[in-house]
Number of protein chains: 2
Amino acid sequence: MLMTRSAARGTATGSSRRAASRDPGREAWALLYELLQRQRRRFFSIAAELGLAPMQAHTLRLLEPETPIPMSEVAEALSCDASNVTGIIDRLESRGLVERRSDPNDRRVRMLIVTRKGAVLRERLVGRLGEPPAEVALLPAADQRTLRDILRKTLGRP
Amino acid sequence: MLMTRSAARGTATGSSRRAASRDPGREAWALLYELLQRQRRRFFSIAAELGLAPMQAHTLRLLEPETPIPMSEVAEALSCDASNVTGIIDRLESRGLVERRSDPNDRRVRMLIVTRKGAVLRERLVGRLGEPPAEVALLPAADQRTLRDILRKTLGRP
DNA sequence: TATTGTTATACTCTATAACTATA
DNA sequence: TATAGTTATAGAGTATAACAATA
């Protein structure tokens with residue numbers, strides 16, 4: 001038998017529950033994880049409202065207007081295989097949101113750039129995603145500043 | 001033309017950049033979003049190491065041993081359609097990690113429960129996922145406590 | 001009639017391996 | 001030889017609609 005604990009349902013953190021309350025780092029991470037899970041739903045629904053499949057939305061977000069990037073960079077940012085990027089870009093391109101151009105310096109690479117139409121949609125996407133969700137927006141201003149300062153540290157931003 | 005800004009590459013936050021520095025809530029959210037993106041990769045690799053596809057891992061995490069839950073609850077927690085859960089559970093069940101049981105109270109519903117084997121794997125999964133990533137673990141203890149306290153507030157945990 | 005879960009269908013995303021065209 | 005991207009393939013996840021069994 002692995003566990004006889006009575007399993008407090010609805011918290012989903014499971015076994016790290018008691019450890020978390022002794023270790024601030026563990027509990028902070030457990031809370032972060034839960035906050036993170038809640039935002040998944042938000043991301044999917046924003047993408048769907050704009051008619052974008054999830055990875056298409058992630059990709060469009062990466063493509064800043066007037067800043068061509070190679071497909072390899074998209075694969076890296078999406079942390080997926082290059083062969084997937086081919087398909088994702090195919091779908092974005094067939095909707096006229098993105099264009100493939102060749103790189104004069106190296107004719108193997110394909111540079112991606114958003115079209116005018118893609119930039120308009122991207123602007124709506126980035127605007128919606130950048131809007132802080134209730135969990136953050138309703139925090140007192142002092143807490144928002146403190147949270148910002150600590151998060152800067154976690155990401156190594158002095 | 002939509003934007004003439006010179007587009008600071010590598011930050012991915014894009015247009016909310018300047019607004020973020022004036023608005024702590026926006027910047028906190030932008031940082032949180034980035035932290036969140038970094039953890040995606042971590043989640044996928046932990047799941048893959050344990051031989052679980054992403055949604056299978058999410059599902060296994062929900063199933064606390066000795067606590068049967070209906071498929072509808074899994075669909076709700078995963079925020080996906082019930083028809084998907086059928087397939088995800090089929091795959092977990094075919095590997096002997098999960099079992100479907102009937103609910104004597106309502107013979108339409110199927111209760112899910114992890115098998116012994118499933119509980120062992122789940123314990124490894126939950127253990128790995130619960131381990132704070134470097135971004136949090138390397139934070140000074142005082143910051144970890146502050147972060148924990150603020151995150152409790154965001155999730156309405158007094 | 002309404003609800004739980006399944007099936008059928010079609011599309012998106014996924015990695016692997018084999019391929020092409022460049023370098 | 002090595003690299004950037006494509007194609008082929010097979011599997012996983014997705015929503016919708018039609019369906020069975022039960023309430």
Side-chain angles (χ1 to χ4, degrees), chain A residues 37 40-63 68-95 97-113, chain B residues 37 40-63 68-95 97-113:
Chain A
Q37 286 296 91
R40 265 172 41 99
R41 189 186 301 241
R42 183 176 182 255
F43 174 82
F44 291 136
S45 78
I46 290 174
E49 277 174 42
L50 299 181
L52 293 165
M55 294 309 288
Q56 291 171 21
H58 274 129
T59 303
L60 194 56
R61 189 166 161 280
L62 294 173
L63 300 176
I69 63 175
M71 302 195 56
S72 57
E73 191 169 322
V74 173
E76 170 60 24
L78 261 33
S79 46
C80 72
D81 191 83
S83 60
N84 301 325
V85 179
T86 297
I88 294 167
I89 296 301
D90 282 349
R91 291 182 281 272
L92 288 172
E93 195 171 31
S94 76
R95 287 182 52 190
L97 299 171
V98 163
E99 270 179 28
R100 279 182 240 244
R101 296 192 183 159
S102 18
D103 178 355
N105 300 0
D106 184 340
R107 289 170 53 203
R108 291 172 303 179
V109 349
R110 306 284 254 151
M111 300 298 281
L112 302 175
I113 187 141
Chain B
Q37 287 296 93
R40 264 171 42 97
R41 189 186 301 240
R42 183 176 183 256
F43 174 82
F44 290 135
S45 80
I46 290 174
E49 276 173 43
L50 299 180
L52 293 165
M55 294 308 290
Q56 291 171 20
H58 274 128
T59 302
L60 194 57
R61 190 167 160 278
L62 293 172
L63 300 176
I69 63 175
M71 302 196 53
S72 57
E73 192 169 322
V74 174
E76 171 61 23
L78 260 35
S79 45
C80 73
D81 191 84
S83 61
N84 300 326
V85 179
T86 297
I88 294 166
I89 296 300
D90 282 350
R91 290 182 281 271
L92 288 172
E93 195 170 31
S94 75
R95 287 182 52 190
L97 300 171
V98 163
E99 270 179 27
R100 280 183 240 245
R101 296 192 182 160
S102 18
D103 179 355
N105 299 0
D106 184 341
R107 289 169 52 202
R108 291 172 304 180
V109 347
R110 306 284 254 152
M111 301 298 282
L112 301 175
I113 185 141

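Just so we're on the same page: letters track the sequence lines, and every chain starts at 1.
Comparing dG5(D), dT6(D), dA15(D) by their nearest atom to the side chain of C80(B) picks out dA15(D). Nearest nucleotide to the R110(A) side chain, out of dT6(D), dT6(C), dG13(D): dT6(D). With dA4(D), dA23(D), dC13(C) as the candidates, the nucleotide lying closest to the side chain of R108(B) is dA23(D). Proximity note for P54(A) (side chain, C-beta onward) versus dC13(C), dT6(C), dA2(C): the nearest is dC13(C). Listed candidates were dT14(D), dA12(D), dT6(C). Nearest to the side chain of T86(B) is dT6(C). Closest approach to the V109(A) side chain among dT14(C), dA4(D), dT4(C) is made by dA4(D) (side chain taken as heavy atoms from C-beta onward).
Going from atom CD1 of I89(B) over to atom C1' of dA12(D) covers 14 Å, rounded to whole Å. With rounding to whole Å, E73(B) atom CD is found 10 Å from dG5(C) atom P. Between the CZ atom of F43(B) and the P atom of dT14(C) there is a distance of 13 Å, rounded to whole Å. For I88(B) and dT14(C), the CD1 to C1' distance is 15 Å, given to the nearest whole Å. We find that CE of M71(B) is positioned 6 Å from P of dG5(C), with the value rounded to whole Å. Atom pair N105(A):CG and dG5(D):P shows a separation of 13 Å (rounding to whole Å applied). Between E76(B) atom CD and dG5(C) atom P the separation is 13 Å, expressed in whole Å. The distance from atom CG of L92(B) to atom P of dG13(D) is 8 Å, rounded to the nearest whole Å.
Contact between the side-chain N/O atoms of R107(B) and the OP1/OP2 oxygens of dA20(D) is not found at any separation under 4.0 Å. Phosphate proximity of dC11(C) to R91(A): absent, as no side-chain N or O sits under 4.0 Å from OP1 or OP2.
Residue S83(A) places a side-chain atom within donor-acceptor reach of the base of dT16(C), judged by atom type and a 3.5 Å distance cut-off alone.
Considering only heavy atoms from C-beta on, E76(B) stays 4.5 Å or farther from I69(B) through its side chain.
Within 6.0 Å of atom CZ in R100(A), more than 12 heavy atoms from other residues, nucleotides or ligands are found, so the atom counts as buried in its surroundings.
Scanning both residues, A82(A) and A75(A), for their nearest heavy atoms gives CA-CB, 4.1 Å. Residue P54(A) comes nearest to F43(A) through the heavy atom pair O-CZ, 3.7 Å, listed as atom of the first residue, atom of the second, then distance. Looking at every heavy atom in both residues, R40(B) comes nearest to L78(A) through NH2-O, 3.9 Å.
With DNA chain D read from its 5' end, the first of the two nearest nucleotides for A57(B) and P104(B) is the one closest to A57(B). Where R100(B) and L52(A) meet DNA chain C, the nucleotide closest to each residue was compared, and R100(B) sits on the side nearer the 5' end. Each of F44(A) and D81(A) was matched to the nucleotide of DNA chain D holding its nearest heavy atom; the match closer to the 5' end belongs to D81(A).
Within the nucleic acid shown, N84(B) comes within 4.0 Å of at least one base atom, counting heavy atoms only. Residue contacts shown for S72(B) are limited to sugar-phosphate atoms, with no base heavy atom under 4.0 Å away.
Considering H58(B), R95(B), R91(B) as possible partners of L52(B), the one that fulfils the side-chain contact (heavy atoms from CB on, under 4.5 Å) test is R95(B).
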